[in-house]
2 protein chains.
Amino acid sequence: MCVLAILDQADGYAYDIVTKLAGGVEMSEGTIYPLMRRLQNDELVTTYLAESEQGPPRKYYRLTAQGRRELQKLKAEWRAFVADVEKILGEDNE
Amino acid sequence: MCVLAILDQADGYAYDIVTKLAGGVEMSEGTIYPLMRRLQNDELVTTYLAESEQGPPRKYYRLTAQGRRELQKLKAEWRAFVADVEKILGEDNE
DNA sequence: CAAGGTACCTTGTGATGCAAGATAGATTTT
DNA sequence: AAAATCTATCTTGCATCACAAGGTACCTTG
């Protein structure tokens, strides 16, 4: 969901998502590359190559319309989940 | 974390946690029993048997002092995590 | 030319959630 | 009284997936 949300703002490439964009929500390279392939298989993103000024060409990912719909759905599920957890956590406290 | 939070309010047994207490955050029996053993191994809970009015005796779990500390720690981590995710989700939108 | 940064990717291991089934006591139904 | 259902415990096997570690290759800088 976080990767989809990031790509919703601007196209991006895996290495960048891992290193910079994910500040608090950390992810390693061993996670992102299989994940991106899954997103591609599910047709939530498309991909295109673009030259980089330094290093090898980058594989950019762009959200599809289906990806945007999926993101909205995941967001709604996420917020419902957070509400449920907070209901359990906050039953007396804090 | 949710199981610890539930046990923080009152001692409980696995079957009950799975069926009733977890309304939104669902969990199956194949999950809870190994989980309770892990919590026990980590000394976050202690256990005792109590007769039931119907069915076999119940194995109740009680939070230890360490369990309470762990819960506080997990809660803080959870809330930081939610904040980080919301920061990613809400970078432009609603 | 060696070192380090950028960027891609794969393999193997470990954790863990769940469906499915086993066991067994108590109650309810037929 | 036998059968079914509910309570409650637990195990086994499968699938998912995150990550560490390693590999490849390009480009820049010392």
Side-chain angles (χ1 to χ4, degrees), chain A residues 1-7 10-62 70 74 77-78 80-82 84-85 88, chain B residues 1-7 10-62 70 74 77-78 80-82 84-85 88:
Chain A
M1 178 184 67
C2 287
V3 170
L4 293 180
I6 286 166
L7 293 180
D11 293 3
Y13 54 101
Y15 188 81
D16 195 51
I17 292 171
V18 162
T19 55
K20 293 204 264 303
L21 293 175
V25 181
E26 288 174 44
M27 200 181 337
S28 80
E29 293 184 30
T31 303
I32 192 79
Y33 288 104
L35 171 60
M36 294 320 294
R37 189 163 321 127
R38 265 178 276 147
L39 294 180
Q40 212 177 331
N41 286 342
D42 295 347
E43 295 177 36
L44 305 181
V45 300
T46 54
T47 188
Y48 58 94
L49 286 176
E51 291 297 322
S52 158
E53 282 161 18
Q54 47 179 5
R58 297 166 178 164
K59 187 184 275 184
Y60 279 86
Y61 295 91
R62 186 203 311 274
E70 183 67 13
L74 289 173
E77 286 174 3
W78 159 255
F81 177 74
V82 170
D84 285 335
V85 170
I88 292 172
Chain B
M1 177 184 67
C2 288
V3 170
L4 293 179
I6 286 166
L7 294 179
D11 292 2
Y13 55 102
Y15 187 81
D16 195 50
I17 292 171
V18 161
T19 54
K20 293 205 265 304
L21 294 176
V25 182
E26 288 174 44
M27 200 182 334
S28 81
E29 293 184 26
T31 303
I32 192 80
Y33 288 103
L35 170 61
M36 295 318 295
R37 189 161 323 126
R38 264 179 278 147
L39 294 181
Q40 212 176 332
N41 285 343
D42 294 348
E43 295 177 35
L44 305 180
V45 301
T46 54
T47 188
Y48 58 94
L49 284 175
E51 291 298 321
S52 158
E53 282 162 15
Q54 46 182 6
R58 298 166 177 165
K59 186 184 278 186
Y60 279 85
Y61 296 91
R62 187 204 311 274
E70 183 67 13
L74 290 173
E77 286 174 3
W78 159 256
F81 176 74
V82 170
D84 285 335
V85 171
I88 292 172

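Below, read A as the first sequence line, B as the second, and so on, with proteins coming before strands; counting in each chain starts at 1.
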For side-chain contact (heavy atoms from CB on, under 4.5 Å), just list the numbers for A:Trp78 and B:Val82, CA-CA rounded to whole Å, side-chain angles, deciding distance to a tenth of an Å, and then say yes or no.
CA-CA 10 Å; A:Trp78 159 255; B:Val82 170; 4.2 Å; yes
Using side-chain heavy atoms (C-beta onward) and a distance below 4.5 Å, is B:Ile88 in contact with A:Met1?
no
Test side chain to side chain contact (heavy atoms under 4.5 Å, CB included) applied to A:Ser52 - qualifying residues, sequence neighbours left out:
A:Arg58
Hey, does B:Tyr61 have a side-chain heavy atom less than 4.5 Å from the side chain of B:Leu39?
no
Mind calculating the distance between CG (A:Asp16) and C1' (C:dT6) to the nearest angstrom?
11 Å
Nearest whole angstrom, please: distance from the C1' of C:dC8 to the CG of A:Leu49.
10 Å
I need the CD1-P distance between A:Ile32 and D:dA20, as an integer number of Å.
14 Å
Rounded to whole Å, CD of A:Gln40 lies from C1' of C:dC9 at a distance of 13 Å
Between OH of B:Tyr61 and P of D:dA8 the distance, given in whole Å, is 13 Å
ring-ring contact (aromatic ring centres under 6.0 Å, His included) partners of residues 24-43 of chain A, not counting sequence neighbours, each pair once:
none
Between the protein and nucleotides 1-4 of chain C, which nitrogen or oxygen pairs are less than 3.5 angstrom apart?
none

Quick one, give me the B/S/- string for nucleotides 16-28 of chain C, reading 5' to 3', where B means a protein heavy atom under 4.0 Å from the base and S means that only happens at the primed atoms, P, OP1 or OP2.
SSBB------SS-
Do any side-chain nitrogens or oxygens of A:Tyr33 fall under 4.0 Å of OP1 or OP2 in C:dC8?
yes
Are A:Arg37 and C:dT10 close enough that a side-chain N or O sits under 4.0 Å from OP1 or OP2?
yes
Do A:Val18 and A:Thr31 come within less than 4.5 Å of each other through their side chains, counting heavy atoms only?
no
I want to check something: taking the side chain as every heavy atom from C-beta on, are B:Glu26 and A:Asp84 in contact at a cut-off of under 4.5 Å?
no
Protein-nucleotide distance (B:Tyr15, atom OH; D:dT5, atom C1'), rounded to Å:
11 Å
Can you tell me if the side-chain N/O atoms of A:Tyr13 get under 4.0 Å from OP1 or OP2 in C:dC8?
no
Sequence neighbours left out, cut at 3.5 Å: what donor-acceptor pairs do the side chains of residues 40-50 of chain B make with other protein atoms?
| unit_1 | atom_1 | unit_2 | atom_2 | d |
| --- | --- | --- | --- | --- |
| B:Thr47 | OG1 | B:Tyr60 | O | 3.0 |
| B:Tyr48 | OH | B:Asp11 | OD2 | 2.6 |

I need the A:Ile17 CD1 to A:Ile32 CD1 distance, nearest 0.5 Å.
5.0 Å
